[in-house]
There are 2 protein chains.
Amino acid sequence: MTGHTFFEDLRNGEITGVAYKNLQLKKQILSWFVNTGNATIADLSRELNASVPKVGELVNELITDGLVKDYGKIEAAAGRRPNVYGLEPDSFFFVGVDIKQYYVNLGLGDFRNNLVRTQEKVPFHLKNTPEALNRLCDIISEFIETSGKGKRKVLGIGVNLSGRINFKSGYSYSFFHFQEDPLSKVIEQRLGISTFLENDSRAVAYGEFSSGSYTHEKNAFFINLEHGIGMGLLLNGQLYYGKSGFAGDIGHIPVFDNEILCHCGKKGCLETEASGAALTRIFIQRIREGASSIVAKRFPNPGDIQLEDILEAVKQEDMLAIELIAQIGEKLGRGIAILINILNPELVILGGALASTGDYIMLPIRSAINKYSLTLVNNDTRLVLSRKGEQAGMSGACLLVRDRLLALID
Amino acid sequence: MTGHTFFEDLRNGEITGVAYKNLQLKKQILSWFVNTGNATIADLSRELNASVPKVGELVNELITDGLVKDYGKIEAAAGRRPNVYGLEPDSFFFVGVDIKQYYVNLGLGDFRNNLVRTQEKVPFHLKNTPEALNRLCDIISEFIETSGKGKRKVLGIGVNLSGRINFKSGYSYSFFHFQEDPLSKVIEQRLGISTFLENDSRAVAYGEFSSGSYTHEKNAFFINLEHGIGMGLLLNGQLYYGKSGFAGDIGHIPVFDNEILCHCGKKGCLETEASGAALTRIFIQRIREGASSIVAKRFPNPGDIQLEDILEAVKQEDMLAIELIAQIGEKLGRGIAILINILNPELVILGGALASTGDYIMLPIRSAINKYSLTLVNNDTRLVLSRKGEQAGMSGACLLVRDRLLALID
DNA sequence: AGTAGTTAATTAATTATTTTATTAATTAAG
DNA sequence: CTTAATTAATAAAATAATTAATTAACTACT
């Protein structure tokens, strides 16, 4: 016993020798609780290759720090019943902020990946101005104050932003890059709480991968189908960033021989024909060419039609919308087939607004994958729709902050 | 001191407690020597967070086992000079077998990644028959016997084979899959030495990544340009396999809208227009259409022209060959641009037969990458030519066996 | 050349951890 | 209802590791 708390030790870079090893073992214990769930002293001792008294001592210290809880005795086939231990959900909390184009979702997550409070679709217009940044900070600040847990109980804030993000430096290259300091530091100073920035698709991906059904998968994609196309990659069981954190940019891979200029400045990007933006563009064009659709009736000016309207129309079985979403799916499938051939994943999760059309987009994607990727490889790959929807963004942001602060990931 | 050698402990799965921890620390010490080079006791103690006496004890045990060597004292700015320790090259050896279409390269590698003996271009025709397998075993067996080191000194054999390989099970899906047992086991039983199978491009990639210049890179591709296109991926500092070991299949990603049937059964594969095979096909076709080339003179029947002849012609500045290799490069570059966008690597190494044409293929690739991938992302990426050539295959095979047997990788 | 200042290696002392033994808690069988 | 069997938790003993102290080896400066 050093008398220092887990977090004090963690922040102390000078820690060596016995204290260092104890800290490492504590991290392993917490990591086990996070990834595998509750466990007995005997379980931990066996799995982490440490003696029972040692594990018992460290677990007790973690209980003293408020991070771990004794969940009481459990059933046993025979013999004395063991106590199980696990994370203490009420010890500390994390705030996940999921920034969309026209609104923000905020979630307060506990240690065990439950969103104890959420505030969805808070009006906010994502613009690259100091005013928008101020407004964002105010929204987060008010959310924390009204959450009733007290600011000191909030260990960290995770912010999901679209575009290229370098999470290590905390810089955003697409929004709020008008000051010298990295964005994460700016928010941190405004709110007085540790803040981590993350690419939105990657954060959602982390939420999906860490939640329930998919914790055993080691190599997976999460494909975020909104106006643009984003992706989060799980490779060898780790979130993959690439050299500067720009990995996963599937939207701008050159796969078409078209002349459509993408907003990235290049031609032939996947996004030009297989994104929500492309769907909207093509839909409006077809309406203007005289195609019939239930959407057309509601909009005297076809230019006013939004992506949401088209997706709504799919659900109402509008023929034009269904036809076009299938086309988009077919093209997306070709892009995904490329990835499957290269990375041989076990799981592909489709999420984002377009994924809400269910089989209408999923089946064309599946058939394109079968057509364009090698059977031996794509047989390994399960294709599923996200079932978490908007939750995944907030939850992923909270999880990333938790796991970074506990130094379970780097 | 348990009295057991490192390898005995390693094989003993039942090992627990103190002995287990000592074994782990020994692995870390060896790993340090492998990846970072020689070190003093003090260095190791600092880096591995273990005390000086403990490290000293374990290093001495490793010396007793013959794995580690005392390299004597080194210079120091002040104070008593430390002894440095490192791998003992002569303790054990590994055999790397690089199987090509019409020949085999064999190399005997020591603990420090030196090929102490090689036997290149041993005639061998890669066919999917028991006879070919027998001949292969004979070749390996003779190489070991004539190497002069004694069979007992050979710790393992690494075999590189093209096509899809599952290294964990030891199965090959493209060659020698006519028996029930995995191929690695068959060879192992024939020769009496532990054998590991690996995809050829991945093995070469490992050789390149582990050798000298590129040990600091964490995310890199090695692209193997032969008749087909293969790739080895290093992601987050680890060789990447995907779910079943099929990752890296860049040759069959669908990027063209052509009608050329690939040998994989699909259309539009990158290989159909951007491989050595495509180069040969197009070259012959152009000759038949009446194009002039120095190669044409040597072959009354254009159908007899081989890839090697065309590559030779490039070096002699044959205009047709140069024109076509640039075309191939441009198309390859587009495929590589896709990968760069998705994986944001820091290094791309071009290897294989086509890479021997140097700038003739490299420059078109580079310009296509600039054209098709995002500047922010491709600025991170260094594109280089392999300088190891045929050596990389043998060396990579040896390294993979070494690191697997030392349990440095899994 | 001698000495102060450094750093390595070794040894001794101390601290920490694991192992073993013991006690406690529980189930199932007789 | 008692006892044997089983497993957990705790305590004591034995072992092992670290830390601190010492000695050794070397440099540079006076």
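The analysis underlying the following values was restricted to heavy atoms, covering all of them including side chains, and did not include hydrogens, waters or symmetry mates. So you know, we letter chains A, B, ... as the sequences are listed, proteins then strands, and number each from 1.
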* Asked: When every nucleotide of nucleotides 1-6 of chain C is labelled 5' to 3' by its protein contacts under 4.0 Å (heavy atoms), B for base, S for sugar-phosphate only, - for none, what sequence of letters results?
  -> -----B

Can you list, pair by pair, the side-chain donor-acceptor contacts under 3.5 Å of residues 13-23 of chain B, counting residues two or more places apart and other chains?
from, atom 1, to, atom 2, distance (Å)
B/Tyr20, OH, A/Asn49, ND2, 3.4
B/Asn22, OD1, B/Lys54, NZ, 2.9

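- Projected onto DNA chain D by closest heavy-atom contact, A/Val52 and A/Val18 fall at different nucleotides, the more 5' of which corresponds to A/Val52.
- Taking 4.5 Å as the limit, some side-chain heavy atom of A/Tyr85 sits within range of a side-chain heavy atom of A/Ile63.
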Tell me which donor-acceptor pairs under 3.5 Å the side chains of residues 24-37 of chain B have, and how far apart each pair is, sequence neighbours excluded?
from, atom 1, to, atom 2, distance (Å)
B/Lys26, NZ, B/Glu61, OE1, 2.7
B/Ser31, OG, B/Asn35, ND2, 3.2
B/Asn35, ND2, B/Ser31, O, 3.1

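- Defined by atom type and a distance below 3.5 Å, a donor-acceptor pair is present between the side-chain atoms of A/Asp380 and B/Ser244.
- Remark on DNA chain D: of its neighbouring residues B/Pro53 and B/Lys73, the 5'-side contact belongs to B/Pro53, judged by nearest-heavy-atom nucleotide.
- Among the heavy atoms of the strands lying under 4.0 Å from B/Asn22 are primed sugar atoms or P, OP1, OP2 only; no base atom is included.
- With sequence neighbours excluded, the residues satisfying ring-ring contact (aromatic ring centres under 6.0 Å, His included) with A/Phe111 are A/Phe94.
- Protein atom CD of A/Glu57 is 12 Å distant from nucleotide atom C1' of C/dT15, rounded to whole Å.
- There is a side-chain donor-acceptor pair under 3.5 Å between A/Asp403 and A/Tyr206.
- Both B/Thr16 and B/Arg46 lie near DNA chain C, and the one whose nearest nucleotide falls closer to the 5' end is B/Arg46.
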Could you list the donor-acceptor pairs under 3.5 angstrom formed by side chains in residues 72-81 of chain B, with sequence neighbours left out?
from, atom 1, to, atom 2, distance (Å)
B/Lys73, NZ, B/Asn83, OD1, 2.7
B/Glu75, OE2, B/Arg81, NH2, 3.4

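- Counting heavy atoms from C-beta on, the side chains of A/Arg387 and A/Ser213 come closer than 4.5 Å.
- Boundaries of the chain B contact region on DNA chain D are D/dA16 to D/dT27, first to last in 5' to 3' order (nucleotide atom under 4.0 Å from a heavy atom).
- Atom NZ in A/Lys54 sits roughly 7 Å away from atom C1' in C/dT17 (whole-Å rounding).
- Rounded to whole Å, atom C1' of C/dT7 lies 11 Å from atom CD1 of B/Ile74.
- Residues A/Arg81 and B/Lys21 each lie close to DNA chain C; by heavy-atom proximity, the contact nearer the 5' end of the strand is made by B/Lys21.
- A salt bridge does not link B/Glu88 with B/Arg112: none of the charged nitrogens is closer than 4.0 Å to a carboxylate oxygen.
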